[in-house]
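Heads up: the structure comes next, in structure tokens.
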Amino acid sequence: MSKLSTTRNIGIAAHIDAGKTTVSERILFLTGVTHKVGEVHDGQATMDFMKQEQERGITIASAAITCAWKGHRINIIDTPGHVDFTLEVERSLRVLDGMVGVFCAVGGVEPQSETVWGQADLHRVPRIAFINKMDRPGADFPGAVRGIRDILDANAVPFQYPLFEGDRFRGVVDLVEMQAFEYDGFDRQPILIPPADMDGVRRARQVLVEAVSEFDDAMMEAYLDGCEIRPEQIRKVSRDAVSRMLIVPVFAGAAYRNAGIQLLLDAIVDYLPSPLEAGAIVGTDPDVEGKPRSRKPSPADPLAALTFKIIHDPYVGQQTFVRIYSGRVQTGDTVWNASARLKERIGRILRIKAKEREEVSYAEAGDIVALVGLKNTVTGHTLCSQDDPLLLESIPVPTPVIHQRVFGEDTKESEKLARAVSRLALEDPSFTVSHDEETSELILGGMGELHLEVIVDRIRNDFGVKCGTGNPSVAYREALTDAVETEYRHVKQTGGHGQYGHVVMRFEPMSEEGFEFESRMRGGAVPAEYFTAIQKGVQDAMRNGILARYPITGIRALLLDGSAHDVDSSDLAFRLAASQCFKKAAHQARPRILEPLMKIEIATPDEYIGDIVGDLGSRRGKVTAMRRFRKGSQKIEGTVPLAEMFGYSTPLRSMSSGRANFSMEFLEYQTVPASIQEKIIEERKATRS
């Protein structure tokens, strides 16, 4: 078999605390990568090697590692489960060929499970499911499978049948081979299928065969004729169906008790696609807009690679993680960055094993490696051959919804702080940095309270910066209500050449965030060479709104007319004219303040529902749905403004005696009520006075 056919590039993703890092640790132990099992709860997990991860017992940054199983090489990326770090999942799924979705047997499909599943749908990533924590009281394998079907709208089919002895999880029956296994630590013992379970096992096998037969006429015919369906036939048809995203095989186990991991590794090899089966990668010609170009997954094709992560290592320097889709690179090669349109030289090539590194002399199609020496390449950039260029779709970056001020204790610390945040922003594109000219403080932008907490922790501990912080604040936006047409003439005379720029523009609000610019001029009253300057001028003015100096968003700018001077017109003159024209229009367009609205899901025992719903209402929240997810407990789904939710964990614990938990993610921006808008404006003035 070729190297590509025996390669698997997979991610392990789930809701926080479903046990995906524990699954990863068992895989590393069983494949010989580690010789001691690392545990999340004692801070020894191989994949959670950051200090911040070990202290919190959660995954924050996706970690890559390579292992081998039954003659196959498996590149694994363990992704975060907390919604604040959803970009880590997004950029990992962008470069993977398959995914293992891990679900808690008690919690079932949880909020971040839905987010991750939606991201995998977006990137067309085939997947299998692993129902973990089968050893916990209340484990419900059929319920978890129903959740995957109903909530995630996936064709989930159990490939295993769990065995219990009373309430104790004993093992599983492999429904493909019709072989039962009993677990005792890492030891698994083949056993006969218990007679008490035989009827259930036969029914489950029939459901499996019927489900898989739908995707193969020959198998369906054999099944209808009453013929025995061979295991290899099931695997072959299932593998093709998984690659086409028609089926999601479901497996069971208890990773912490070391149960079910060998069979999960078998499933990764048997059912998830290789780079060959994932097919050609499609991009565009960087020199001809919209013209499609593709690369086959072969070392013989020209180079095509996508950068999906950057890490700064104190010993190695900047490591740029890439997925190589086609071609081959060697140490010392010069490659073309099609996104930045410049050359980059590869100093070293590293195969990553979490925090360990193995230097290799080359990498080729199907590999996930780290490159050292790239100076101008960032997340989402395409590396390719300059003679045969290709531009791959970049990785979308979510907009920060929360801000926090940070400042160095003195001038020296402020300089260190500036260097630290610039490095962190390069590593994590969902983290932004801006400078408040009035206070000389840096303003950090992030996806949530935990996200900024980790960033500040890294600034202090990883970079040794002594800094202070302000309280987290909401990332408000401003928008216009009405469409307005106006003009502005910028004229300034000096001793030499003057400045002249005249524009007539119409500004329209858009329903979505962002900015669009279009010229609707007839004739050439304003030469086309100034259009870019006009566009930049409007964007300059949008950075500071007129109500409370929050950025203005959702604007379509139309250039209708204007005039130019043969001598005095310049880019600067038209940029200033457009900026002032927008400011003039904004005052007339009934501006309003927007706030981030969050989608919230709260899991709670029934007896606390009244208090929690009442409290949510007092926070301007709305309940949109309630559904039972296990006996005696429900999930409350709704929306709530972010401004009302800082520190929500404490009151929720108090209302529910510590038994309820919640998850939030950004949904959209909405207009704030008039009374709250006035309050925001007054508070903003107070902070700037």
Side-chain angles (χ1 to χ4, degrees), residues 1-10 27 30-31 67-74 97-101 126-131 145 154-163 171-183 188-193 197-198 200-253 260-279 297 366:
M1 288 190 290
S2 72
K3 172 187 167 185
L4 279 170
S5 66
T6 57
T7 295
R8 301 288 182 272
N9 290 315
I10 69 160
I27 288 175
L30 287 167
T31 56
C67 60
W69 183 255
K70 293 188 175 179
H72 290 69
R73 185 182 60 177
I74 305 174
D97 301 323
M99 183 183 98
V100 179
R127 67 215 81 153
I128 61 178
F130 181 71
I131 310 300
V145 174
N155 185 17
V157 179
F159 274 49
Q160 292 175 349
Y161 181 93
L163 297 175
V172 297
V173 177
D174 178 351
L175 295 175
V176 176
E177 295 283 352
M178 287 297 282
Q179 173 63 60
F181 294 95
E182 187 174 49
Y183 292 105
R188 61 170 181 164
Q189 188 68 33
I191 60 171
L192 294 174
I193 299 173
D197 292 295
M198 186 57 78
V201 169
R202 285 179 178 145
R203 284 194 299 270
R205 176 59 145 63
Q206 184 177 350
V207 169
L208 167 62
V209 173
E210 287 177 355
V212 175
S213 296
E214 290 185 22
F215 310 113
D216 185 81
D217 292 341
M219 186 173 170
M220 177 63 79
E221 188 176 334
Y223 171 67
L224 293 175
D225 290 343
C227 300
E228 179 63 28
I229 306 298
R230 302 184 312 277
E232 56 269 24
Q233 191 175 7
I234 295 175
R235 279 193 285 267
K236 180 178 182 298
V237 175
S238 298
R239 180 181 183 81
D240 180 64
V242 169
S243 292
R244 289 157 52 200
M245 294 181 62
L246 300 173
I247 192 174
V248 177
V250 184
F251 304 88
I261 304 302
Q262 294 100 327
L263 291 176
L264 179 62
L265 277 163
D266 290 345
I268 290 169
V269 167
D270 290 341
Y271 302 116
L272 289 178
S274 69
L276 287 174
E277 292 157 316

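Computed from a prediction, not measured in an experiment: that's the story for all the values here.
- Here the side chains of R73 and R8 are not in contact, with every heavy-atom distance at 4.5 Å or above.
- A 4.5 Å side-chain heavy-atom check between Q262 and L30 finds at least one atom pair inside the cut-off.
- For the pair R205/I234, a side-chain contact is recorded, criterion being any heavy-atom separation below 4.5 Å from C-beta on.
- Contact check on K236 versus D240 returns no salt bridge, with no Lys/Arg side-chain nitrogen under 4.0 Å from an Asp/Glu carboxylate oxygen.
- Side chains of E210 and S213: a donor-acceptor N/O pair is absent below 3.5 angstrom, by distance only.
- Partners of R188 by side-chain hydrogen bond (donor to acceptor under 3.5 Å, both in side chains), not counting sequence neighbours: none found.
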Check the pair W69, I268 against side-chain contact (heavy atoms from CB on, under 4.5 Å), reporting the backbone distance first and the verdict last. CA-CA 10 Å; W69 183 255; I268 290 169; over 6 Å; no

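- Two residues are said to be in side-chain contact when any heavy atoms from C-beta on lie closer than 4.5 Å; N9 and P275 meet this criterion.
- For A204, the side chain to side chain contact (heavy atoms under 4.5 Å, CB included) criterion is met by Y161, L175, not counting sequence neighbours.
- In this structure, Q160 contributes its side chain and F251 its backbone to no donor-acceptor pair below 3.5 Å.
- You'll find the side chain of I27 reaches within 4.5 Å of the side chain of C67, heavy atoms only.
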Show, in sequence, the C-alpha distance, side-chain angles and deciding distance for L263 and F130, and conclude whether the side-chain contact (heavy atoms from CB on, under 4.5 Å) test is met. CA-CA 10 Å; L263 291 176; F130 181 71; over 6 Å; no

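- Surrounding CG of D217 are at most 12 heavy atoms belonging to other residues, nucleotides or ligands under 6.0 Å away.
- Taking a 6.0 Å sphere around CG of L224, one finds it holds more than 12 heavy atoms contributed by other residues, nucleotides or ligands.
- Residues M219 and V209 meet the side-chain proximity criterion, which asks for heavy atoms closer than 4.5 Å.
- I131 has its side chain within reach of V250: a pair of non-hydrogen atoms, C-beta onward, lies under 4.5 Å apart.
- Pairing each heavy atom of S238 with each of Y271, the nearest pair is CB-CE2, 3.7 Å.
- With hydrogens and angles ignored, the 3.5 Å screen pairs no side-chain donor or acceptor of D197 with any backbone N or O of L163.
- Although no hydrogens or angles enter the test, the distance criterion places a donor-acceptor pair under 3.5 Å between the side chain of N155 and the main chain of L246.
- Panel note: side chain Q179, backbone I191; a donor-acceptor pair is recorded below 3.5 Å.
- The closest side-chain heavy-atom distance from P297 to L276 is below 4.5 Å.
- The two residues A252 and V172 come nearest to each other via the heavy atoms O-CG1, 4.0 Å.
- Of the inter-residue distances, the one linking D97 atom CG with S243 atom OG reads 9.5 Å to the nearest 0.5 angstrom.
- Not one N or O on the side chain of R235 forms a donor-acceptor pair closer than 3.5 Å with the backbone of D270.
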With side-chain contact (heavy atoms from CB on, under 4.5 Å) as the test, would you mind laying out the steps for H72 and T7 before giving the verdict? CA-CA 6 Å; H72 290 69; T7 295; over 6 Å; no

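- Remark: the backbone N or O of S274 is paired with a side-chain donor or acceptor of E277 at under 3.5 angstrom.
- By the side chain to side chain contact (heavy atoms under 4.5 Å, CB included) test, M245 pairs with D121, R124, P126, R127, sequence neighbours left out.
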Full working for side-chain contact (heavy atoms from CB on, under 4.5 Å) between L272 and I128: CA-CA 8 Å; L272 289 178; I128 61 178; 4.0 Å; yes

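- Between V212 and F159, the shortest heavy-atom contact is CG2-CZ, 4.2 Å.
- Of the possible polar contacts, none joining the D225 side chain to the C227 backbone as a donor-acceptor pair under 3.5 Å is found.
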